[in-house]
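Accompanying notes for the structure given below.
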Amino acid sequence: MTTESGYFTESTSAQVVAARNAKAQDARLQQVMEVITRKLHEAVKEIEPTEEEWFRAIMFLTDTGHMCTDWRQEFILLSDVLGVSMLVDAINNRKPSGASESTVLGPFHVADAPELPMGSDICLDRKGDPMLVHGRILDTEGHPIAGAKIDVWQANDEGFYDVQQKGLQPDFNLRGVFRTGPDGRYHFRGVKPRFYPIPDDGPVGKLLAALGRHPFRPAHLHFIIEAEGHARLVTHIFDPDDPYIHSDAVFGVKESLMADFRPVSDPDALAAAGFSGPYYDTEFDFVLVRA
Ligand code: BEZ
Ligand code: FE
């Protein structure tokens, strides 16, 4: 337990503040505030900001708050570009080898996407290169999981989610919920994803520009996979050939989440898959851990 250690000075600053919290009712809050105070004071001592610089920091956080609405969470975006979202994700989703890895949820999931028959085309705006996505939902022993719920969403060919272009894109464009049968298999049609910028018209975008960083995320599809008795998986699959695959603005890429976006143009293969023109074939199995 930290005790009050005299007057506040440059050298005692963190201990004096922490000691003032000694009567906190919530031990976890007390611990969190002790660590944050200690690390923050350490940073301030190392940086030695001028008063103008500290005010600029305060104004950055103020602007970040002002940017937030029901549809825009600029603080989560800040956590994303600082790598904190991925760090929290890593700490909370440690997986045994062989299990599919998780990555950031992102701000564009909607809870009420329609449940669709297996095989449906989720691309309602008819833009871009058609794609077939298929694979299996498995447990860590390799058994298929029946009744797994697959919630998928992706940006359109111009790099926007439907919720960013309400009225321009059809509602629920490039979203769908599917349920596996006894074989654990899933398949649906979408569009080959492209890289796109995270929302960069606010303070976080300005910060990235000032740091000489681009705002792009490499091409990906989002998935949330749930099955009874198994841990929920929030993840993506990525295009390994994307120009931003090694510099994702939010650090979400993992090697195990690379998928092969295989171009198909052979007439027999097109006919067998029911496509009238060339498409991309993407196969990916997801492995869930027992809850
Ligand atoms: C996304 O992939 O949808 C996303 C993730 C983090 C920040 C912005 C967008
Ligand atoms: Fe995304």
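Order of appearance sets the numbers: ligands from 1, and atoms from 1 within every ligand. In this chain, residues are counted from 1 in sequence order.
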Verdict with supporting geometry, S256 and E101, side-chain hydrogen bond (donor to acceptor under 3.5 Å, both in side chains): CA-CA 7 Å; S256 68; E101 294 189 281; 2.5 Å; yes

If you take the centroid of each ring, where Trp contributes its six-membered ring, are F216 and F195 closer together than 6.0 Å? yes

H236-H220 aromatic ring centre distance below 6.0 Å: yes

What about F284 and F223, are their ring centers closer than 6.0 Å? no

Going by distance alone, is a donor N or O of one side chain under 3.5 Å from an acceptor N or O of the other, for S85 and S79? yes

Main-chain N/O of E53 paired to T50 side chain as donor or acceptor, under 3.5 Å: yes

Contacts of V264 meeting side chain to side chain contact (heavy atoms under 4.5 Å, CB included) (sequence neighbours excluded), chain-then-number -> R262, A269, L270, Y279, D281

Distance alone, cut at 3.5 Å: any donor-acceptor contact between the side chains of K45 and S13? yes

Which residues share a salt bridge (Lys or Arg N to Asp or Glu O under 4.0 Å) with D80, sequence neighbours left out: none

Those residues with a heavy-atom separation under 4.0 Å from ligand 1 are L77, D80, G106, P107, F108, Y161, Y196, I198, R217, H220, H222, V250

Under 2.8 Å from the Fe ion (ligand 2), which protein N/O/S atoms are there? Y161 OH, Y196 OH, H220 NE2, H222 NE2

